[in-house]
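These notes are about the structure you will find just below.
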Amino acid sequence: MKITVKLFATLRDFGPKYSEIEIKEGSKLYDVIKHFKIPDDFPLIRLVNGDFANNDYELKDGDIVSLFPPIAGG
Amino acid sequence: MKIKVNEKELFFPEGMSVFEVKDLIKPYADIVIYNGFPVKDNVLLKDGDEVTLIKRGEMPSKEELEHLLIARHTPKIYEKLKKGVVGIAGVGGLGSNVAISLARVGVGKLIIADFDVVEPSNLNRQQYFIDQLGKEKVFALKENISRINPFTEVVAHNILLTKDNIPQIFAGATVIVEAFDRADMKAMIINTVFENMEGVFVVSASGLAGYGPNNDIKTRKFSKRLFIVGDLVSEAKPGRGLMAPRVSIAAGHQANQVIRILLNEPDEEDEL
C-alpha cells in the first residue's frame, strides 16, 4: 500500500519534505520512522492524517504521516 | 450628564467640574486625569467625558480593576477569560512573557511549573528583576504577576515536569503552553498531553532564536489540539542566542492563541 510522508524542519536531513512510499500491509508508524533512519532518541511529534499517533499506530493505504521535530529555544 | 469615572458610568448634574467630581468620589486622589490627560486646573465637565482619579501607590479594589478590564475588553470577553484555566510549562523566556500577558488580560487562573532559579543570563529576555536572582522562578513570577493583577490566581509548582506528573499538575487546564527550552522536553509534553489529557490544547513554540525576520514567526495549527508558533528552524545554539525581541514575538503569538482558544475562536488547520 502507498502512504504520504511529510518531514519538517531538521528532519529533512533524513529525507525529502514530501514523499510517497510503498509499505507492507500491517506496517506500523515506527516502521516508517525506521525507513527514514530517524534515530529512536530523536525528539518527534507524530501525526497521521492530522491526528496524534504513537509508534504502534497501524497504517492504512492513503494515510498521510507528518513528522515534526521540536526546535530548541524558549 | 453621563461621566465615566474610573471606568464606571455615573450620572451627575449639568455644570459640575472635574474637581467637584473628585471631591465627591475620591477626595484624597493625587492625580486627576481628564479625557486621557492629567489636569492641574479645574475643567467644566460635559456629557460623555471620562475622569480617572488615582491615589499614588493605592491598590485598586477587585471591583475597580474588573471594571477597568471590562472597559478594555468588553464584558463578554472578560467574563470568558476570567473563567479560563491555563497551564504554563516552563517559565523562562516564553513562559514568563506568556504568563504576564495572560494576567494582564485577566485570565482567571494560571498553573505555572518550572524547577529553575533566576540566573543573571535570564534577565536578557525573561520577566524577572535583578533583585530576584537566585529565587525560584515560579515564586518570582507569582510575585511579579501579583504586582500587575493580584486577582489572577497563580498556582506555582517548583518541580521538574515529567510525563508522569504533567496530567496531575495541569489538571483542570483547558490549554497548556509549552514553553520549554529543550527540544526533547517539548516533544515529551506534547506527546504526554495528546496521550493522557483528552481534549486539552497545546500551544507550543519552535524556532525563535536570534534576530531573524519578524514575520517568519507564524502560528500554525498542526492538528485539532496542537498549535506551533515559530519559524520552525531557528534553533538556539552557540552563535544564535535567545534574545528578548524575538522571544517576545513568539510569546505574544502563544498568548494570543491561548486567548483565541479560551474564546472558542475557530482556527482552520494549516495544510502541512
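The analysis underlying the following values was restricted to heavy atoms, covering all of them including side chains, and did not include hydrogens, waters or symmetry mates. Below, chain A is the first sequence line, B the second, and so on; all start at residue 1.
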Exercise for the section: Taking B:Asn191 for its side chain and A:Leu44 for its backbone only, find out whether a donor-acceptor pair lies under 3.5 Å. Expected result: yes
Exercise for the section: First locate atom CD of B:Glu195, then atom CG of A:Asn54, and finally report the distance between them rounded to the nearest 0.5 Å. Expected result: 5.5 Å
Problem - Proximity breakdown for B:Ser234 and chain A, heavy-atom pairs closer than 4.5 Å - result: backbone
Handout entry: Test item: B:Asp181 side-chain N/O and A:Gly74 main-chain N/O as donor-acceptor pair under 3.5 Å
Key = yes
Problem - Contacting moiety of B:Arg125, where chain A heavy atoms sit under 4.5 Å - result: side chain
Handout entry: Other residues, nucleotides, ligands: >12 heavy atoms within 6.0 Å of A:Lys34 NZ
Key = yes
Practice task
Tell me, yes or no, whether the heavy-atom count around B:Arg260 atom CZ, taken from other residues, nucleotides or ligands under 6.0 Å, exceeds 12.
Solution key: yes
Problem - Best-contacting candidate, B:Gly95, B:Ala179, B:Ala187, B:Gly93, against chain A by heavy atom pairs under 4.5 angstrom - result: B:Ala187
Fill in the blank from the handout: Between A:Pro70 and B:Ala183, the two heavy atoms sitting closest are O-CB, 3.3 Å
Practice task
Quick one: which of B:Val247, B:Asp231, B:Leu208 has the most heavy-atom pairs under 4.5 Å with chain A, could you say?
Solution key: B:Leu208
Handout entry: Output field: ring centroids B:Phe222/A:Phe52 closer than 6.0 Å
Key = no
Practice task
Check whether B:Ala205 gets within reach of chain A through its side chain, its backbone, both or neither, counting any heavy atom under 4.5 Å.
Solution key: backbone
Practice task
Inspect the surroundings of CD in B:Glu198 and state if more than 12 heavy atoms from other residues, nucleotides or ligands are less than 6.0 Å away.
Solution key: no
Practice task
Look up atom CG in B:Leu226 and atom CG in A:Leu47, then write down how far apart they are to the nearest 0.5 Å.
Solution key: 6.5 Å
Handout entry: Heavy atoms from other residues, nucleotides or ligands near CD of B:Gln168 exceed 12 (cutoff 6.0 Å)
Key = no
Problem - Contacting region of B:Leu232 [heavy-atom separation from chain A under 4.5 Å] - result: both
Practice task
Starting at CD1 of A:Ile45, measure out to OG of B:Ser204 and round the result to the nearest 0.5 Å.
Solution key: 7.0 Å
Problem - Region of A:Phe68 that comes under 4.5 Å of a non-hydrogen atom in chain B - result: side chain
Handout entry: Side-chain donor or acceptor of B:Ser206 paired with backbone N/O of A:Ile71 under 3.5 Å
Key = yes
Practice task
Give a yes or no on whether the backbone of A:Gly73 and the side-chain of B:Arg182 come within a donor-acceptor separation of less than 3.5 Å.
Solution key: no
Problem - Region of A:Asn49 in contact with chain B, defined by heavy-atom distances below 4.5 Å - result: neither
